[in-house]
Number of protein chains: 2
Amino acid sequence: MARNRRSSQRVTMGEVAQLANVSPSTVSLYLRRPGEVSPRRADKIQAAIDRLGYLPNTMAGGLASSRSNVIGVLVPTITNSFFSETLETLERHLRSAGYQLLIGNTEFDDSREEELIRSILSWNPAGLVLTGFLHNRKSLSLLAHNDTPIVEMWDYGQPGLDMVVGFSHHSCGRLVAEHMLRQGRRRMAFVSTNFQRDVRAGDRYHGFRDTVEAAGGTVELRELSGRSHAEETGRLTQTLLQEHPDIEAIACSNDMVALGVMMECQRQHWAIPDRIALAGFGNLDFTTSTVPPLTTIEPPRREIGQHTARMLLSRLKGELPESDRRLDLGVRLVERQSV
Amino acid sequence: MARNRRSSQRVTMGEVAQLANVSPSTVSLYLRRPGEVSPRRADKIQAAIDRLGYLPNTMAGGLASSRSNVIGVLVPTITNSFFSETLETLERHLRSAGYQLLIGNTEFDDSREEELIRSILSWNPAGLVLTGFLHNRKSLSLLAHNDTPIVEMWDYGQPGLDMVVGFSHHSCGRLVAEHMLRQGRRRMAFVSTNFQRDVRAGDRYHGFRDTVEAAGGTVELRELSGRSHAEETGRLTQTLLQEHPDIEAIACSNDMVALGVMMECQRQHWAIPDRIALAGFGNLDFTTSTVPPLTTIEPPRREIGQHTARMLLSRLKGELPESDRRLDLGVRLVERQSV
DNA sequence: GTCAAAAATCGTAGCGCTACGATTTTAGCT
DNA sequence: AGCTAAAATCGTAGCGCTACGATTTTTGAC
């Protein structure tokens, strides 16, 4: 059944034109602006398209128009509901506007990010979405030589390259700290994924520590070696509370870490929140189901996707004023029973 | 600073050639097969590329060679560690072989899948990766008129369109059932996400029910209205156990559902596993941290990605015999303390 | 019926690159 | 030095489409 040599793309616009008895230009026009073709031809063209199973060749179109419907998106990892929900929303909004997402995984590594930026720019994308403000020197130079619209998302508070949609991670830390202080806690700890890996976790820590210390409290820091891992988190929690048995509250860089801490507390029979208050970050699905339900920070995951899409789209239409290129979506403390 | 009208792609291969004092063909050759260019020119060309910040235009290249380095991947949702881990692995393996992933979200909707297939085929992709065997009529016809290599992943046991990498969901159900039967349970229930939405959850249910009933047990089915939602799961569990207080074991279509059930059991003081045995599917991160840790099925998430990539790559090199186009990776029961 | 204006259609010239055969250069002999 | 084979380089002709100005057809006022 394998008909041709290779190239799955067989039917061309010219063949459609021939069958419909019009010129290729008319077919092209019909595809791009159907309203400008007379109904009679439009029907014949559509019939020919259906009959032949014609699919336009995106590359040829993109080359000829020197525009592309590609938007590149780089996230540290898609294995993480933070970014995957943003991606899903972003995808939905951009696709309905006719754009195609090219997704890349930086794995929290800026030289990988550079490689991906290079690869995506070679598609001549209509836009580019990056996570955070941290890019290496070469990436910055690549982007500087390029007038592609760029959104930096999931952070806020630095100038940024072009457009910014996110929230302040420092505020997240502050919010948790204020809540714990309000509950009368003073001796705190912060258990975190690795700062090297995730700079934004570092920002949350600083917001937490600054607020606690300003109120006369203390913060003990524990950093995991990599991403959150239940076993390591358990061990870390155990030694933390052996060394500092007076700790009254633990803030975590994210909900997975908080879950690890919570399970260790259950094993050790340290009651939450009576003996130890606990808070996370992310408001992941399971946080409503733990016992007790986890107090956490709700980051605007889907909103980031939605507003990134909106900004990019209006920017591409050339109607986004300079003043609207920066958006702080803020965060919300979700008060449950763990603090 | 905005120099040109539009088109972020400014420097062409011709300009590089001019600066390096060679013809454009030589630059092209250098980029594609560097070994065939003399070291002297190679250096000059590389210098020119660096100096001008040249980035090749993927679309032009793709059009000219009528090949593309694009591989389309369709998953039901990326907001789910099942698929996102497969995607991450797939991405890593394929990118290192020079391919670019075009990811689409079908949202468990086959007309959306069709639209995405159309959109991806218009890129003239080198390969296509789909989730499962269920595709609508038009999708099948699109694919039939097209000799793009296709992998259907995350399932096994049907003929498939071309290549298949996955495991049997029926076996997952059977494995859980056998384990529960071994523990002496007979009156069972299955709490599931919606079958309409996720056909594979239905297969797991059938595997479970068939095995239990063959051993003389009973299975009560409860289906959620959509994706797993902690609150609805809790309600469903409560009424299930009111109506059938003799139930001794609950199998769930996935770990999130199992977590919802577990939390409801805790609220109602039904001891797990003494009063009720519980099992999930997926072996998600949190399953080691629950109390008690959850018995579940480990699907080969990363292996699917890895073998899909391997198969696709060797197929693209034309060296994958017909006999190696189908791979059952199997699953493993992870015995913890909930059953 | 005639004619100008508007609408519809068409032809041509690329977009930036690759494939491949033609041509030039180099290397290795005698 | 002269010659041949191999290696390196180049020129040309597209890939399938879009942009845009030129041409043809239609419309409707008189």
Side-chain angles (χ1 to χ4, degrees), chain A residues 4-45 48-49 52-70 98 121-126, chain B residues 4-45 48-49 52-70 98 121-126:
Chain A
N4 281 25
R5 201 125 302 275
R6 36 175 58 253
S7 98
S8 38
Q9 197 89 46
R10 275 172 313 276
V11 183
T12 68
M13 192 179 267
E15 298 173 59
V16 172
Q18 212 162 1
L19 185 60
N21 250 295
V22 295
S23 78
S25 322
T26 307
V27 177
S28 170
L29 189 62
Y30 169 70
L31 256 19
R32 285 173 297 120
R33 300 196 296 268
E36 298 184 19
V37 170
S38 68
R40 201 164 53 87
R41 316 269 168 140
D43 289 349
K44 290 183 70 176
I45 293 172
I49 287 175
L52 297 174
Y54 170 71
L55 285 174
N57 182 326
T58 310
M59 299 222 189
L63 180 58
S65 64
S66 64
R67 282 188 275 101
S68 88
N69 69 339
V70 165
L121 287 180
S122 80
W123 284 93
N124 213 178
Chain B
N4 281 27
R5 200 126 303 275
R6 33 176 59 251
S7 100
S8 40
Q9 197 88 47
R10 275 172 313 277
V11 183
T12 69
M13 193 178 266
E15 299 173 59
V16 172
Q18 210 161 4
L19 185 59
N21 249 295
V22 295
S23 79
S25 323
T26 307
V27 177
S28 171
L29 188 64
Y30 169 69
L31 256 19
R32 285 173 299 121
R33 299 196 296 267
E36 298 183 19
V37 169
S38 69
R40 201 164 52 89
R41 316 268 168 140
D43 289 349
K44 289 182 72 176
I45 293 172
I49 288 175
L52 297 175
Y54 170 72
L55 285 175
N57 181 327
T58 310
M59 300 224 188
L63 179 59
S65 63
S66 64
R67 282 187 276 100
S68 88
N69 70 339
V70 164
L121 287 181
S122 80
W123 285 93
N124 212 180

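- For the atom pair CZ (Arg67(A)) and CE (Met59(B)), the distance works out to 10.5 Å, reported to the nearest 0.5 Å.
- Sequence order on DNA chain D of the closest nucleotides to Leu63(B) and Leu31(A) puts Leu63(B) first from the 5' end.
- The phosphate of dC15(D) has neither OP1 nor OP2 within less than 4.0 Å of any side-chain N or O from Ser66(B).
- Among the nucleotides dC17(D), dT18(C), dT9(D), the one closest to any side-chain atom of Val37(B) is dT9(D).
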Worksheet item: Do Leu19(B) and Tyr54(B) pass the side-chain contact (heavy atoms from CB on, under 4.5 Å) test, and can you show the C-alpha distance, the side-chain angles, and the key distance before you say yes or no?
Response: CA-CA 12 Å; Leu19(B) 185 59; Tyr54(B) 170 72; over 6 Å; no

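- In terms of phosphate contacts, Arg67(B) brings no side-chain nitrogen or oxygen within less than 4.0 Å of OP1 or OP2 of dC15(D).
- Residue contacts shown for Ser25(A) include a base, since a base heavy atom lies under 4.0 Å away.
- The separation between Leu55(A) atom CG and dG16(D) atom C1' is 14 Å, rounded to whole Å.
- Put simply, CG on Leu29(A) is 14 Å from C1' on dG11(C), counting in whole angstrom units.
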Discussion item. Thr58(B) vs Val70(B), test: side-chain contact (heavy atoms from CB on, under 4.5 Å). Steps then yes/no.
Written reply: CA-CA 10 Å; Thr58(B) 310; Val70(B) 164; over 6 Å; no

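- Taking side-chain N and O atoms only, Arg41(B) has no distance below 4.0 Å to OP1 or OP2 of dA8(D).
- Distances shown here put every side-chain N or O of Tyr54(A) at or beyond 4.0 Å from the OP1 or OP2 atom of dG16(D).
- Here the CD1-CG distance, from Ile45(A) to Asn21(A), works out to 10.5 Å after rounding to the nearest 0.5 Å.
- Distance CH2 (Trp123(A)) to P (dG16(C)): 17 Å, rounded to an integer number of Å.
- Phosphate contact (OP1/OP2 of dA19(C), side-chain N/O of Arg32(B), threshold under 4.0 Å): present.
- Remark: Ser23(A) is not in phosphate contact with dT9(C), judged by side-chain N or O atoms under 4.0 Å from OP1 or OP2.
- Residues Val22(B) and Tyr30(B) are not in side-chain contact: their nearest non-hydrogen atoms beyond the backbone lie 4.5 Å or more apart.
- Checking dT9(C), dG16(C), dG14(C) against the side-chain heavy atoms of Thr26(A) singles out dT9(C) as nearest.
- Proximity note for Ala60(B) (side chain, C-beta onward) versus dT18(C), dT18(D), dG16(C): the nearest is dG16(C).
- Across dC10(D), dC17(D), dA8(D), the shortest atom-to-atom separation from the side chain of Ser38(B) is found for dA8(D).
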